[in-house]
Amino acid sequence: MACRYAPGKSMGRRVVPVIRPQEDGGFGFSSVKIGWNRVSQPLAPWARGSVFGTSHRAGGQTMGSEQEGQLDRLRHSTAHVMAEAVLEIFPEGKLGFGPPIENGFYYDFDLPRSLTIEDLAEIEERMKRIIEGDYPFEHREISVEEARVLFANQPYKLDQIDRLASGQEDEHGEAGSEPISTLSIYSHHNFTDLCRGPHLERTGQIPVDAFKLLSVAGAYWRGDEHQPMLQRIYGTVWETKEQLDDYLWRLEEAARRDHRKLGRALDLFSVQDLGGPGLICWHPKGARIRRIIEEFWYQEHERGGYEIVYTPHIGRAELWNVSGHLDFYRESMYAPMDVEGQEYFIKPMNCPYQILIYKSRRRSYRELPLRWAELGTVYRYERSGVLHGLLRVRGFTIDDAHIVCRPDQVEDEILGVYDFSLSMLRAFGFRDFAIYLATRPDKFVGVPERWDQAQRALERALEAQGLPYEIDEGGGAFYGPKIDIKVKDALGREWQTTTIQFDFNLPERFEMTYVGEDGQEHQPYMVHRALLGSLERFFGALIEHYSGAFPVWLAPVQVVLIPIADRHNAYAYEVAAQLKAARLRLEVNDSGDRMQAKIRDAQLEKVPYMLILGDREMETGTVAVRLRNGQDLGDLAVADFVVMAQSAIAEKRDL
RNA sequence: GCCACCCUAGCUCAGCCGGCAGAGCAAGCGCCUUGUAAGCGCUGGGGCGUCGGUUCAAAUCCGACGGGUGGCUCCA
């Protein structure tokens with residue numbers, strides 16, 4: 001009960017800098033927290049509540065396998081031991097919740113002072129002593145009255161007791177119905193907690209060398225920003241030291257892949273103080289990658305039956321009134337600017353303007369479906385605390401498209417978008433996907449019946465394809481339900497990319513119509529979709545997925561020519577000209593460095609191919625090919641190398 | 001926005017309990033002309049995020065603001 005799984009999201013934290021959430025790709029309509037969120041088996045300290053948390057919230061032990069249940073028990077028990085250690089130091093400390101989470105656990109406290117990293121070391125020491133004391137965990141059922149007495153000095157526990165006793169919440173943290181009369185408590189040594197359990201039998205079953213406290217962070221009581229902020233200590237614990245080390249290594253690996261770090265190291269992008277937070281500057285090498293993505297994107301969209309459009313970046317207030325943005329989205333929009341006495345807003349979404357194009361003339365049912373795509377840059381005000389690298393920004397480009405169709409076409413269109421999305425994502429090297437159906441949020445427009453109808457349409461589309469998916473309750477956009485697709489990267493983390501959103505709000509607000517076969521006017525259906533999400537976030541995902549070592553077709557520099565001595569420079573330029581003619585992106589390193597240093601530099605820049613040019617190559621007209629994976633392919637004729645590189649590009653291979 | 005922490009040369013980072021700033025890498029220059037992850041030397045470069053306090057004296061203490069990091073909340 002008390003220490004049931006966290007109400008909100010919960011995340012592991014780590015010593016090393018890591019990733020985290022970002023704005024969702026969609027039309028911005030975020031909702032899904034990605035970023036660190038990318039849960040999943042392999043890694044995923046960053047496992048969060050939201051969608052993934054469902055199994056947790058659903059009851060704690062429902063993690064599936066027996067082993068996971070056992071790990072949960074271990075983590076939950078370790079959280080209790082930590083709480084005791086904290087109370088030893090702060091006898092007046094107040095307890096919040098302390099659940100197990102993906103890869104670890106946390107416990108929230110209200111303490112007289114802020115914790116420091118140094119405190120963690122002392123808490124760990126005390127935890128070790130409690131573990132070595134091998135105290136038994138004892139379970140008891142007590143009445144609500146007894147509990148109120150027992151936790152008289154624990155206001156948060158009393159709060160929880162009240163909620164349970166009044167039936168506001170059940171012991172699994174779900175909205176309850178039946179008031180509860182008995183409560184479950186667990187004790188060990190000098191610590192007792194209101195808790196559903198289960199726990200280990202004894203503290204001694206916690207491996208002393210396999211746990212670690214990772215960080216301290218603020219967290220609102222019950223995840224409600226109107227409630228007091230508690231101090232949350234994140235920790236991790238495993239069954240063996242090897243598992244702990246492995247986990248810590250994964251955290252470090254994630255830190256090594258951090259797109260912000262790689263973005264600077266590889267000179268891909270930056271965020272400038274003087275310009276403003278959350279606003280991305282794409283450096284030449286990052287921009288090269290972006291252009292490759294964009295060119296591929298345009299090409300695929302044209303093949304996929306889309307027309308390309310462009311729309312303005314700002315629009316009069318009335319446009320956003322009609323669209324409903326000023327009613328539903330204003331807090332996320334930049335303040336208006338006055339132009340000749342008229343208010344203009346920077347666009348937070350592309351859809352209204354696309355609708356204006358639609359409305360520029362009468363439309364016939366024969367024209368539908370219309371599929372209009374645009375790489376539309378939007379700006380949204382995001383609270384400062386949520387900004388993060390490329391993942392959550394204030395200005396970004398959505399690979400947007402809007403499909404206007406007849407009701408009888410909508411399912412096919414959604415299916416089409418779904419397939420299109422997967423093929424697009426696969427092209428960029430993503431193989432595993434997680435699919436979510438996001439339903440009606442608290443704040444929504446339209447009538448519930450239409451929402452239900454739309455959700456059923458999306459469900460049917462999903463089911464027609466036989467794709468496994470999860471429900472993201474309340475995660476829909478204000479104007480309609482949606483399907484979200486997240487890709488899993490090389491570390492198993494999930495990144496929000498595709499969003500396919502049903503919209504029956506805008507067609508109505510803008511009074512969109514088409515003339516049907518019957519000569520009457522009908523209201524069309526509209527689907528918004530973004531496949532990559534936003535170019536910024538997608539780029540961030542790509543960087544981390546590839547750890548900066550992009551496949552040849554995306555690599556900003558595909559080949560570095562390395563003349564061994566000055567006398568080989570001329571030959572290098574000659575080869576460079578040939579490669580350039582073959583449209584390869586290359587650089588000649590004609591600096592005074594030794595070959596070794598040149599190779600090292602190219603390695604650090606993660607350039608796929610290094611061509612070493614010395615006397616031997618010059619004489620035979622060849623190039624010595626070294627791959628960035630360290631492999632030495634020996635001398636190849638220039639033409640052969642070109643064929644090799646071009647095939648890697650054509651097939652979008654790594655090398 | 002909230003809690004905590006951080007902000008020293010382009011980058012990574014040292015500068016303990018206050019006394020007028022250092023290293024490595026990078027950069028520029030020079031020597032070497034070199035076969036698969038760093039050849040050697042020299043030189044330039046910051047006044048310690050900004051503003052304001054405390055002090056005889058602050059990069060080192062306090063405060064505000066800005067930016068960042070980890071979470072929380074939010075995310076049409």
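Remember, predicted model here, so these are calculated numbers, not experimental data.
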So, is [X] near the phosphate of [N], with a side-chain N or O under 4.0 Å from OP1 or OP2?
X: A:Y234; N: B:C72; answer: yes
X: A:R626; N: B:G35; answer: no
X: A:R113; N: B:A4; answer: no
X: A:S332; N: B:C75; answer: no

Side-chain heavy atoms of A:R260 within contact of A:H388, under 4.5 Å:
yes
Report yes if some heavy atom in the side chain of A:Q354 is under 4.5 Å from a heavy atom in the side chain of A:W372; otherwise report no.
yes
Return yes if the base of [N] and the side-chain atoms of [X] contain a donor-acceptor N/O pair under 3.5 Å, otherwise no.
X: A:R383; N: B:C72; value: no
X: A:R232; N: B:C3; value: no
X: A:R594; N: B:U33; value: no
X: A:E382; N: B:G1; value: no

Taking [atom1] from [X] and [atom2] from [N], how many angstroms apart are they, rounded to a whole number?
X: A:H259; N: B:G68; atom1: NE2; atom2: P; result: 13 Å
X: A:L604; N: B:A38; atom1: CG; atom2: C1'; result: 9 Å
X: A:Y220; N: B:C72; atom1: OH; atom2: P; result: 11 Å
X: A:E225; N: B:C2; atom1: CD; atom2: P; result: 10 Å
X: A:D590; N: B:U33; atom1: CG; atom2: P; result: 18 Å
X: A:I599; N: B:U34; atom1: CD1; atom2: C1'; result: 11 Å
X: A:L230; N: B:C3; atom1: CG; atom2: P; result: 13 Å
X: A:I564; N: B:G39; atom1: CD1; atom2: P; result: 14 Å

Contact class for [X] (heavy atom, under 4.0 Å): base, sugar-phosphate, or nothing?
X: A:A219; result: sugar-phosphate
X: A:D273; result: sugar-phosphate
X: A:R616; result: base
X: A:Q596; result: sugar-phosphate
X: A:E617; result: base
X: A:T116; result: nothing
X: A:G592; result: base
X: A:D615; result: base
X: A:A624; result: base

Please compare A:M229 and A:F328 by the position of their nearest nucleotide in RNA chain B and report the one closer to 5'.
A:M229
Starting from the 5' end of RNA chain B, give me the residue, A:V625 or A:S384, whose nearest nucleotide shows up first.
A:S384
With ring centroids as reference points, do [X] and [Y] lie under 6.0 angstrom apart?
X: A:Y609; Y: A:F641; result: yes
X: A:Y571; Y: A:Y573; result: no
X: A:W221; Y: A:F97; result: yes

Expected label for B:G47 (glycosidic angle, syn inside 90° of 0, else anti) would be syn
Six-ring centre of A:Y247, A:R250 cation under 6.0 angstrom, axis tolerance 45°:
no
Looking at A:F502, I'd like to know if the NZ or CZ of A:K482 sits under 6.0 Å from its six-membered ring centre while staying within 45 degrees of the ring's axis.
no
Considering only the P atoms, how many Å lie between B:A59 and B:G66, rounded to the nearest integer?
24 Å
